[in-house]
Amino acid sequence: MTKSNPAFHRSLNVLDATALVMGSMIGSGIFIVSADIARTVGSPGWLLVVWGIAGILTVFAALSYGELAAMMPHAGGIYVYLREAYSPLFGFLYGWTLFLVIQCGTIAAVAMAFGKYLGVLIPWVSDKNVLFEFGIIKFNTTQLLAISSILLLTWINSRGVEQGKRVQNIFTLSKVFILLLFIGVGLAFSGHRPVDMWETSAWSGSGHLPIAGWALLVAVGMAMVGSLFSSDAWYNITFASDEVVDPKKSIPLSLFLGTLGVGVLYLLINFVYICILPLQGIPAGTDVMARGIQFASEDRVATAAMQQILGSGAVLIMAAIVVVSTFGCNNGIILSGARVYYAMAKDGLFFKHAAKLNSRGVPAAGLRVQAVWCIILCLSGTYSQLLDYIMMASILFFVLTIMAVFVLRIKQPHAERPYKSFGYPVIPAIYIIVCLVIEVILLVYKPAYTWPGLIIVFSGVPVYYLWKKV
C-alpha cells in the first residue's frame, strides 16, 4: 500500500468483530420498547416469547448471512449479496434505503437518545433550551449534543479502523458488564417472587386483544417490530468485511456469537423486568408499581425497575447507562455504514468521492456524507417517523438476503463456500416464513406505517436509472 493507493487495513479480529456486532445491537431500545410490547401482548409470558422469538430469528439470520459473508467477504456486505444474487438494482435499492433511513435514521435517533438521556445528568441539555430559531427549525441543546456526538464519532472513525475498533471494544465491554450487573442486581434485590411461567396468570392478557387464536398471532406479530428493531444492526460487521482478519471464518463466527450473546442478555433483562414490576398497570398510576411495565413513565422500563430497587437515584444511574450504551452503539453504526456507500460508489451508484479511501485506509468521504444527512435528520425531527415507516422494508430486505442463499446455491453451485448455512434449508426457510407472516400482519393491521416505508424503497427505482445515466 502507498499513500497514492491506500487500501483497507485488515485489523478486526474475531473479538473485535463480535464487539462490533454486539455494540451495534445494544442501544436504547432494550431499555424502553418492552413497555409497548407489554401493552400489545398484555402478559408477562408473551412478553418473554416476543423477545425469545426475536432472539432466535436474529441468530437464524446470522447463521444464514454467514454463508454469504464467507462467499463474498467484501466491503458493502448486504449490498454486494443482493447485487450478486438478483441484480445491481436490488443492491442499489438496499443501499438507497440504508442511506436514506435505515442507517442514517438510526444514527440520528440514537444520537438524539444520547442527548436526551445526557439531559437527565446535565439539565442544560434539554429540548426546551432553544439556542436559536430559523423558520420552522428550533435548534436546542439536545440537538447540539446529538450532532456533536455524530461529528466526534465521524472524526474518530476517519482516523482509521484501529481508532474506531478501540472505541467500540471499550464501549461494548462496558455495556455488557453494565447489563450483566443490572441483571444480577435485579435478580438479587427483587422483593417479588419471579413469575411462574406455568401459572395461567402469566399468560392471561388484558385489554381488547385476547391472548388466544388469531388475535394472539396478530398481537405477537405487531409486537415483534419493537424487539426486532432493538436487535437490529447485527449485520453491520458484513459492511466492513474488507477490514476483518480471515473474514471467511471470523465473520460467520462473530455473527453467531454476537447475536446469541445479545439475544440471551435481552431475554434475561426482560425476565428481570417482570420479576420486579407488574406487567399490567394504569397510565395515571402514582408510582412505578401502579404504572407497571405497560405504562412506565416515558416507557423507561429499566429506569422504573431500578427505581423500585434503588429509589430516585436510579434515574441518574440509568441515564448514565443509556448515555454509554447509545454512544457505543452509534460508533459501530457510523463506522460500518460508510463501507456500503464506498461499495456503491465503486459501482458508480453513489457520489464518486465516496469510492476513495483516505491515507488511513477508511472511506472518509462516505463518513462525511453520512454525517451530513444524519445531522439534517436530527434538525428536521423526522427520524422517528421514518424509522416507524421503514421496519417493514428492513424485514423485506432481510428476507431477500436469506433467499439469496438459495438463489446463489442455484446460480453459483460451484462457488467456494468456506462456511455453509447451518441447518440449510430448514433454518433459512423458517426465518423466511416467520418474517413473511410478520410482513402480512403489518400490511393488514399497520398500513399507515408500512406503505410509506415501501414507497421510500421504491422511490429508489427512478433514482437508480437516473444515476446510471449521469
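- Considering OG1 of Thr259 and CH2 of Trp234, their distance stands at 7.5 Å, rounded to 0.5 Å.
- In this structure, Lys165 does not pair ionically with Glu243, as no charged nitrogen and carboxylate oxygen lie closer than 4.0 Å.
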| task | May I have the step-by-step check of side-chain hydrogen bond (donor to acceptor under 3.5 Å, both in side chains) for Trp51 and Ser34, ending in yes or no? | result | CA-CA 9 Å; Trp51 282 101; Ser34 290; 3.2 Å; yes
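- Ring orientation note: the planes of Phe397 and Tyr94 are nearly perpendicular, at an angle over 60° on the 30°/60° scale.
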| query | So Trp467 and Val463, side-chain contact (heavy atoms from CB on, under 4.5 Å) or not? Walk me through it. | reply | CA-CA 6 Å; Trp467 215 302; Val463 177; 3.9 Å; yes
| side-chain contact (heavy atoms from CB on, under 4.5 Å) between Arg300 and Phe31, worked out | CA-CA 6 Å; Arg300 296 176 182 175; Phe31 304 113; over 6 Å; no
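- Note on Arg83 versus Asp347: salt bridge recorded, some NZ/NE/NH1/NH2 to OD/OE distance being below 4.0 Å.
- Ion pair Arg339/Asp242 not flagged as a salt bridge, since none of the NZ, NE, NH1 or NH2 atoms sits closer than 4.0 Å to an Asp/Glu carboxylate oxygen.
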| side-chain hydrogen bond (donor to acceptor under 3.5 Å, both in side chains) assessment of Trp46 paired with Thr40 | CA-CA 10 Å; Trp46 289 112; Thr40 303; over 6 Å; no
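- A donor-acceptor contact shorter than 3.5 Å links the side chain of Asn331 to the backbone of Gly164.
- Here the OG-CD1 distance, from Ser28 to Ile321, works out to 13.5 Å after rounding to the nearest 0.5 Å.
- Between the side chain of Ser459 and the main chain of Ile456, a donor-acceptor pair closer than 3.5 Å is present.
- To the nearest 0.5 Å, the span separating CG on Asn157 from CD1 on Ile334 amounts to 7.0 Å.
- Rounding to the nearest 0.5 Å places CG of Leu335 at 6.0 Å from CG of Leu20.
- By the 6.0 Å contact criterion, OH on Tyr424 is enclosed, its count of non-hydrogen atoms from other residues, nucleotides or ligands being greater than 12.
- Looking only at distances, a side-chain donor or acceptor of Arg10 sits under 3.5 Å from a matching main-chain atom of Ser241.
- No hydrogens or angles considered: a donor-acceptor pair under 3.5 Å links the side chains of Gln168 and Thr172.
- Contact record, Ser174 with Val324: CB-CG1, 4.3 Å, taken as the closest heavy-atom pair.
- Atoms CD1 and CG, on Ile78 and Leu98 in that order, are 8.0 Å from each other to the nearest 0.5 Å.
- Checked against a 6.0 Å centroid threshold, the rings of Phe350 and Phe99 count as neighbours.
- Checked for salt-bridge contact, Glu84 and Lys411 miss the test: no charged N lies under 4.0 Å from a carboxylate O.
- A salt bridge is defined here as a Lys NZ or Arg NE, NH1 or NH2 lying under 4.0 Å from an Asp or Glu carboxylate O, and Arg166 with Asp16 fails to meet this definition.
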| message | Quick one, Phe60 with Phe422, criterion ring-ring contact (aromatic ring centres under 6.0 Å, His included). Give me CA distance, side-chain angles, the key distance, then yes/no. | response | CA-CA 9 Å; Phe60 278 9; Phe422 179 80; 8.8 Å; no
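- Remark: side-chain polar atoms of Arg291 are not paired, donor with acceptor, to backbone N or O of Ile282 under 3.5 angstrom.
- Closest approach of Ala338 and Gly366 over heavy atoms only: CB-C, 3.8 Å.
- Atom OG of residue Ser64 and atom NZ of residue Lys420 lie 14.0 Å apart, to the nearest 0.5 angstrom.
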| said: Applying ring-ring contact (aromatic ring centres under 6.0 Å, His included) to Tyr342 and Tyr79, what does each step give before you reach the verdict? | reply: CA-CA 11 Å; Tyr342 166 85; Tyr79 164 78; over 10 Å; no
